[in-house]
Each structure stands twice: as C-alpha cells, then as structure tokens.
Amino acid sequence: MFNQISLADYASLGDGAQTAGNYSEQDVQELLKAMSAGEITGRETTNLLDASGAPLKVESLENTLKILTNTPKHTPFFYRIGKKPATNTVEEYNQLVSYGELDGGFTLEGELPESADSIYRRKAQFVKYLGVVGGVTHPMQLVETGSGVSNMIAQETKNKVALMTKLIEGYLPFADSRIVPEHFNGFFAQQEIDGDWISKDEYQDSENVIDLRGSVLTDTAIEQGSLGVVNNYGIADLIISSPRTFSNFVTKYHNKKWIQPVMPQVRDGVFGQRVNEIITQNGAVEIMQSNFFKFSRLKRTNTLATSSKAPAAPVADTTTPAAVVSDATARFANFTGDYYYAVTARNRYGESALTLLSSSLVTVVAGQAVDLKFTAGTGAANAATGFCIYRTKVNPNGIAAQSDFYKIFEVSTKDLTSGYDGAGTGLVRDKNRFLPDCDQALLVEWDADQVLAWKQLAPMMKMNLALLAPISRFMVLCYGTPILYAPRKIVRVINIGDVIATN
C-alpha cells in the first residue's frame, strides 16, 4: 500500500525554510537552474553558452509540403479540354459551312431538280511555343530535405508544369495574336475573327455575345445563350467562368429559398447551395469554374512592370491624352459619370508600368465616348506589340493615385497607328464595350471533334539542358494551340458583375 504524502512533508526546506506551499528566493534560483528547451531553434543557439537545452533540440518539420498556389483543381479548363495531336506548325482544318443554297426544293413530275453546291472552307491556326527553365544545384540534390520532398529535381519539374498549366489556363480564352504575335489565338479571339461578323457592333450585338452590363450571371442569360448555340446547330452543355461569377450566381438565390422542414439538411442545420449544373430548355449545362478565367486585372499608378523585359511605359499626349467625343454608337448610357484612364504597354514578356492618361476626372454622358492619345515609350530593349487600356469604376474617390484601375480591353500597335474603334489615326476610342472589374464566361458544346480542342505537337515535356556548372537545368516545354472549329457554337458572356437586378 502506498504511503500518503501531503504538503506537510515538505515543510522543512533547510535554509530559508518556509511553511508548506511557499518557497524562498534561494529555492526559486535552484529551480531556474533546471534544463529548459526554450522557444528558439537549434540553429539560433550557435556559439551561445546560455541557451540551456535548446542546442540539443531537433527541429520539428512536417513531412507534407504546404502548397499556397494553384493545383490541378484550379486549372480544370486545360486539364479537361480534348487533346489532339498536331503534325505541323500550321494546323489546318476544313469547315462545312452549308449544305447548299436552295430555297424551295419542290419539282414537277419528271422535272430535273435545281442544283445546289455545298460550301466548304479551310481554316488554320499556328502552333505556338511556351516554355520555362528550372534548375537545382548539385548540393541541393545531396542534402536531406523535409516536407515529403525526396527528389528536388522531380519537385521542381512538378512546380514548373503547374506554372505552365496556370499560364495556358489563362491564355485559352483571352490570348490574341493581334496584340502579342507570339501568342496563340484564344477562343474569344478566334470567335471574333472567324465568326464572319462585319463589325465590332455586329459581333457584340449578335446572339453569340450576351452583355450583362455589370449584373450577376442569371438563369435567363444562360437560357438565352443556350438558345444561341442551338440556333447555330449545337447543344450547349458546359459554362466556364471565374469562381466569383458562380458565387454571385448562387448568392442571389439565398434570400429566395423555400425551406422545407422535412428535409434532412434542414433538420441537421445544413444550409446553403452549390450549383453543379443548370437546366435549360435545350439540356443540362454543367458548371466549370477556373481561378484563371479572368481578364479584368487590377493595377494602381504605382504598380511596377511585370518583367524586366517588358516594354517601356507609354507616353501620354501632353495636351489632350483623354478627350470626350460625340459617338452615337457608344455604350455609356446608364454608366455616365467620372472616370480616370491609364495605359500599359505589353509584349511577350509582360506589361510595363502604368501610365496615367487623365490626371483629372473625365466626365462622360450618354452619346459620348472617350478618345485616348498616347505613344509607345522608348529606350527599352524589347518594343511594345500592344497596349492595355485601364479605367476606374465610375465616380472614383477623386485621387488618381489612390484609385483602382482595371483592364478593359487591349489594342495592337497597328490599331493605335490607324485608330481604334472609330477613332482617328493615333487614337484609341473607348465606347464602354467592356466594364471594369467584370468577368466573362464561355458557354459551349463540349465536343473536341466538332467545336473546340487543344492541338499539340507533343504532350507537355521536360528537356534537360547541358551541364555547364554544378546545376541541373531543364526546360518544361509545350507546343500547341487551341482550335475553335465552330465559332458560332459558343456563346461569350461579357460584363458579368456583382449587381443583383431588382426585378
């Protein structure tokens, strides 16, 4: 049987004895001499003589690498799109445009029917080249690594593949070789170029473009887009956009839900809604959200160039860099007010710093547009091939340096020289076709044989470089191009904002 011990047994403490439960200063000093682990790592104790037991500690590092950037679930567009082999740097395809022009078709008994010729057309897209270099020093390959990384070259190869996938994901909808010749043409550029529209207005007002003018995505818009695809002999079954688009789409229903008390989710206190597909008259439309399906990027006046090889910043005209002009085709109705404008230059390496075009607010009313005047900067080794036009939201705070600028459209150097969208030579006109801080969506029949596909000379590959130093260098390469076989079998939804309509 164990002896019972109480605090009374510790009453005699020698010199400086106190009653049980109390300690003298000498006792406290003795306790402080005990070995302690401390709150510093072993490395921080180098050459210290007063770190107690900390120099003996082994650092604790979790064996799983924490990923703070994109993973395959954030780039579903490129992972899922149908991959087809390319056999040339120019990929051609034929389109059956029409079975023939024939109105009527009836004949008399024994009469020879009217003849009709089918209409065919050959189109082509150019294979373009993407790549990135990675490298790992020889000592880094020899040291013991943690976080579950046993092979640094394999890890870095995986990282570079993820980087390439992220880039392609963003280029698939929005790349335009008219702006950057080294880029392939994304699906929206191909639709606009190859869809046989005679003007920007005809394209934007067609059944293949739905303009929400800053409102959230709606069932009505998807139904309308589905009808546009059906009218061009397709069946829309997938819509792709940013996570914000679909989050706003779901949010607008939250205040209109019918709650059925007998439902297990309500009984268990589970509320909310996730939309996976939308039913239209022409079939179910699946939702695919991509973190990189975004065009309207944000910048500020102090935002730096994205690359050291980016072109020099544009130079604003010294007299009238932003002028309001009359234009009956402009689309500023319901968006009248004050704006700031800015511009960047871009090439295949990236964008320059922002150049402010309107140090004072530009006031626009219905029936007006804004002409912007600037020239390419000089001195940079790599010239500009295009320019990105930025604008604030309507009625900013009145201080340009504190305002958010959003990319609304891009123009080529040729566009600037000849005059863009109805403007005179050397001018770029903003008709408010695109709104700042808005998203876009692609409604499509997901068919790799008849509508859209990715054609590649080879799958994404790794190529080792020569050893010229104790560093193993390699390239991750991708040669390919998206192809939109049927430009009118997709619908582009533009200016998707966060305004919930009241009706």
Side-chain angles (χ1 to χ4, degrees), residues 77 80-82 84 91-103 116-126 171-178 184-212 217-241 245 278 280-288 293 295 409 433-434 439-455 481-496:
F77 197 0
R80 183 167 167 180
I81 193 170
K84 301 174 73 173
E91 277 300 299
E92 300 178 279
Y93 55 95
N94 288 321
Q95 295 173 327
L96 174 58
V97 178
S98 171
Y99 294 123
E101 298 298 329
L102 181 65
D103 188 14
D117 294 327
S118 300
I119 301 175
Y120 298 93
R121 177 171 56 190
R122 177 165 293 194
K123 304 289 291 185
Q125 292 295 328
F126 297 102
Y171 288 138
L172 280 175
F174 301 115
D176 192 334
S177 65
R178 296 171 296 183
F184 51 64
N185 282 317
F187 291 121
F188 290 148
Q190 289 185 53
Q191 182 190 42
E192 185 177 357
I193 294 169
D194 299 335
D196 301 322
W197 288 280
I198 62 174
S199 68
K200 290 183 180 295
D201 286 320
E202 185 184 44
Y203 170 61
Q204 191 165 349
D205 294 332
S206 72
E207 62 186 354
N208 291 92
V209 177
I210 297 174
D211 189 349
L212 295 183
L217 184 67
T218 63
D219 303 82
T220 302
I222 297 172
E223 183 70 41
Q224 181 183 347
S226 175
L227 179 61
V229 175
V230 166
N231 287 342
N232 289 282
Y233 312 109
I235 300 293
D237 54 14
L238 186 75
I239 183 168
I240 312 165
S241 189
T245 292
I278 302 159
T280 72
Q281 175 62 28
N282 303 299
V285 176
E286 181 186 352
I287 283 178
M288 177 190 289
F293 203 104
F295 178 84
F409 62 91
R433 296 187 186 278
F434 296 96
D439 291 315
Q440 300 188 39
L442 171 65
L443 181 65
V444 62
E445 179 178 359
W446 194 258
D447 186 334
D449 291 323
Q450 296 295 326
V451 182
L452 80 175
W454 171 262
K455 300 207 70 176
T481 183
I483 292 186
L484 181 60
Y485 298 114
R488 291 181 181 262
K489 289 187 180 182
I490 70 170
V491 166
R492 180 182 186 180
V493 187
I494 64 174
N495 296 323
I496 307 171

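- In the displayed structure, E92 atom CD is contacted under 6.0 Å by more than 12 heavy atoms of other residues, nucleotides or ligands.
- In terms of the ring pair (Phe, Tyr, Trp, His ring centres under 6.0 Å) criterion, residue partners of F188 (sequence neighbours excluded) are, by chain and number, F174.
- Taking E223 as the reference, nothing meets the side-chain hydrogen bond (donor to acceptor under 3.5 Å, both in side chains) condition, with sequence neighbours excluded.
- Residue pairs satisfying the salt bridge (charged side-chain N to carboxylate O under 4.0 Å, His left out) criterion with at least one member in residues 186-201, sequence neighbours excluded, are listed as follows: R121-D196, K123-D194, R178-E192, E192-K200, D201-R331, D201-R433.
- We find the CD1-CG distance between I240 and L443 to be 9.5 Å, quoted to the nearest 0.5 Å.
- With Q95 contributing its side chain and Y485 its backbone, the two residues share a donor-acceptor pair below 3.5 Å.
- Contact check for L442 versus P173: no side-chain heavy atoms found under the 4.5 Å cut-off.
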So Q281 and L227, side-chain contact (heavy atoms from CB on, under 4.5 Å) or not? Walk me through it. CA-CA 8 Å; Q281 175 62 28; L227 179 61; over 6 Å; no

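- Residue-environment remark: OH (Y233) stays at or below the threshold of 12 foreign heavy atoms within 6.0 Å.
- Heavy-atom minimum distance, A175 versus A189: O-CB, 3.5 Å.
- Considering CG of L217 and CG of L212, their distance stands at 6.5 Å, rounded to 0.5 Å.
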Walk me through whether F77 and W454 qualify under ring-ring contact (aromatic ring centres under 6.0 Å, His included). CA-CA 11 Å; F77 197 0; W454 171 262; over 10 Å; no

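- Residues passing the side-chain hydrogen bond (donor to acceptor under 3.5 Å, both in side chains) test with S177 are N185, sequence neighbours excluded.
- Looking only at side-chain heavy atoms (C-beta outward), F187 and I81 come within less than 4.5 Å of each other.
- V229 places none of its side-chain heavy atoms less than 4.5 Å from the side chain of N282.
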Could you please spell out the steps behind the side-chain contact (heavy atoms from CB on, under 4.5 Å) verdict for Q191 and Y203? CA-CA 9 Å; Q191 182 190 42; Y203 170 61; 2.7 Å; yes

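- Side-chain contact of S241 with D439: a donor-acceptor pair under 3.5 Å is absent, judged by distance alone.
- To the nearest 0.5 Å, atoms CD1 (I239) and CD1 (I278) are separated by 6.0 Å.
- In this structure, the side chain of Q190 engages the main chain of P482 through a donor-acceptor pair within 3.5 Å.
- Taking OG1 from T218 and CD1 from I496, the interatomic distance works out to 9.5 Å, rounded to the nearest 0.5 Å.
- In this structure, D117 places its CG atom where only 12 or fewer heavy-atom neighbours from other residues, nucleotides or ligands lie under 6.0 Å away.
- Put simply, CG on D211 and CZ on R492 are 10.5 Å apart, with the number rounded to the nearest 0.5 Å.
- Taking the side chain as every heavy atom from C-beta outward, N208 and I490 never approach each other to under 4.5 Å.
- Applying the side-chain hydrogen bond (donor to acceptor under 3.5 Å, both in side chains) rule to R80 yields the partners E286; only residues at least two apart in sequence or on another chain are considered.
- Inter-residue side-chain proximity for Q224 and V491 is flagged as unmet; no heavy-atom pair is nearer than 4.5 Å.
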Got a list of side-chain donor-acceptor pairs under 3.5 Å for residues 444-453, not counting sequence neighbours?
residue	atom	partner	partner atom	Å
E445	OE1	I235	N	3.1
D447	OD1	D449	N	2.9
D447	OD1	Q450	N	3.2

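- Note: L484 CG to K489 NZ = 10.5 Å, rounded to the nearest 0.5 Å.
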